[in-house]
Protein chains: 2
Amino acid sequence: MTDPEKLYKLIWLSRPLMQSAEAAVEHGLDGIGLTVRGRAVLEVLLTEDEATVPDIAQKLEIKRQYVQLMVNETLTDGLTLKRENPRHKRSALIALTQKGRALIEDVVRREMVLVRSVGVGLDTADIKTALKVITTLTENLKKAIGNG
Amino acid sequence: MTDPEKLYKLIWLSRPLMQSAEAAVEHGLDGIGLTVRGRAVLEVLLTEDEATVPDIAQKLEIKRQYVQLMVNETLTDGLTLKRENPRHKRSALIALTQKGRALIEDVVRREMVLVRSVGVGLDTADIKTALKVITTLTENLKKAIGNG
DNA sequence: CCATATTGACATTATAAACGTCAATATGAC
DNA sequence: GTCATATTGACGTTTATAATGTCAATATGG
């Protein structure tokens with residue numbers, strides 16, 4: 001049996017966690033010349049290697065029109081470039097430039113240093129458990145909304 | 001020792017969790033005649049019984065000027081009322097009306113039903129662990145930003 | 001009593017994102 | 001190949017959430 005009170009608390013802790021996490025990211029981005037939304041695009045491309053704008057939108061779970069703006073910024077800044085898309089002539093594949101890759105890798109590296117420091121005192125097994133709980137919870141919530 | 005990769009994943013899961021949770025709340029608010037920000041105020045007052053606008057702002061960790069708007073809405077809708085504040089004559093205490101209390105209690109009750117259903121399959125001990133991990137993580141992140 | 005702080009009210013701005021729509025062009029079924 | 005349908009990029013509008021700035025009123029505390 002689950003304890004609904006604790007579960008309720010846990011769910012609402014997601015907001016403060018997210019806010020501090022994003023504040024930390026913003027902090028780390030200070031003076032680097034990369035915006036938060038630019039970072040989001042680059043991070044997707046770090047794992048995806050190349051993707052169309054709609055692909056990225058799906059990954060980020062936001063609308064393609066907004067991603068378009070994000071991507072255009074990174075193109076302007078020379079952090080990404082367009083590659084011919086064999087599957088769709090109008091929709092180019094977006095990929096990291098050398099500059100973009102160096103930048104996002106540096107950003108992520110620094111973030112990992114921070115993560116390491118905030119993780120002091122936490123047990124690996126507990127983190128694994130938390131990861132499982134949060135994942136399950138998120139999936140179940142999505143399903144619950146989807147249905148009714 | 002902690003596993004920074006897993007920890008990193010866990011931190012970024014806070015966003016999808018929060019989004020589905022808030023989507024669920026919005027869903028539950030549909031047709032009730034209560035806005036998301038109205039709900040936030042009422043929920044604070046459910047645990048605080050009475051509070052000034054600046055008090056609520058501190059609880060919600062947002063600016064008092066914005067909370068003022070939120071509170072004014074609930075006052076207009078007859079969900080909250082002003083009480084004389086012995087500690088400050090200009091800053092009234094805000095408290096739930098019968099109507100407001102009934103409404104927020106009903107909303108929370110329904111949310112608990114949903115929480116119960118999405119918690120199926122999760123172990124109480126695991127939830128407790130997750131709660132501890134997330135709490136620690138959030139605190140540490142806040143500290144880390146605060147300092148350097 | 002008076003300097004200082006708090007509060008409410010209001011206006012402006014920022015950010016993240018949704019929504020609507022158009023024209024261009026691709027794609028896929030025939 | 002042609003044509004109906006879908007996809008995409010571009011652009012404009014709108015919404016929600018919140019921060020910021022500022023003023024006047026009024027409280028509070030030394």
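A, B, ... follow the sequence lines: proteins, then strands. Residue 1 opens every chain. Values below: all heavy atoms of this structure, side chains included; hydrogens, waters and symmetry mates excluded.
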Round to the nearest Å and state the distance from B:R87 atom CZ to D:dA27 atom P. 16 Å

To the nearest Å, how far apart are B:E61 CD and D:dA19 C1'? 15 Å

Could you check how far CG of A:L93 sits from C1' of C:dA26, rounded to whole Å? 15 Å

Under the 4.5 Å side-chain heavy-atom rule for ILVMFWY, direct or indirect, which residues accompany B:L81? none

In B/S/- notation, 5' to 3', how is nucleotides 4-13 of chain D contacted by protein heavy atoms closer than 4.0 Å? ---SBBBB--

Which listed nucleotide (C:dA17, C:dC19, D:dA19) is nearest to the side chain of A:I62? C:dA17

CD of A:Q19 versus C1' of C:dT15: gap in Å, rounded? 14 Å

Between A:K63 and A:P86, just flag the one whose closest nucleotide in DNA chain C comes earlier from the 5' side. A:K63

Value in whole Å for how far the C1' atom of D:dA18 lies from CD1 of B:I56: 16 Å

Pairs touching residues 46-59 of chain B that satisfy salt bridge (Lys or Arg N to Asp or Glu O under 4.0 Å), sequence neighbours left out: B:E48-B:K59, B:D49-B:R101, B:E50-B:R83

Whichever hydrophobic residues join A:M18 through chains of side-chain contacts under 4.5 Å: B:M18

Residue set satisfying side chain to side chain donor-acceptor pair (under 3.5 Å) with B:S14, at least two apart, ordered chain then number -> none

Not counting sequence neighbours, which residues clear side chain to side chain donor-acceptor pair (under 3.5 Å) with B:R64? List them please. none

State which residues pass side chain to side chain donor-acceptor pair (under 3.5 Å) with A:T136; sequence neighbours excluded, sorted by chain then number. none

Rounded to whole Å, CD of B:E26 lies from C1' of D:dT17 at a distance of 11 Å

Inter-end axis angle, the helix from C:dC1-D:dG30 to C:dC30-D:dG1, with every axis fitted to five base pairs (rounded, 10 degrees): 40°

For DNA chain D, determine which residues of residues 32-46 of chain A have any heavy atom closer than 4.0 angstrom to one of its atoms, and list them numerically. none

Rounded off to whole Å, could you give me the CD-to-C1' distance for the A:E22 and C:dA14 pair? 15 Å

Please identify each residue that fulfils salt bridge (Lys or Arg N to Asp or Glu O under 4.0 Å) with B:K6, with sequence neighbours left out. B:D3

Nearest whole Å is fine: how far is C:dT12 C1' from B:Y66 OH? 15 Å

How would you list, by chain and number, every residue that makes a side chain to side chain donor-acceptor pair (under 3.5 Å) with A:E84, sequence neighbours excluded? none

Other residues, nucleotides and ligands only: do more than 12 of their heavy atoms fall within 6.0 Å of CD on B:Q58? no

Taking only Lys NZ, Arg NE, NH1 and NH2, and the carboxylate oxygens of Asp or Glu, determine whether A:K142 and A:E61 approach each other closer than 4.0 Å. yes

Considering residues at least two apart in sequence or located in another chain, which fulfil the salt bridge (Lys or Arg N to Asp or Glu O under 4.0 Å) criterion with B:K132? A:D126

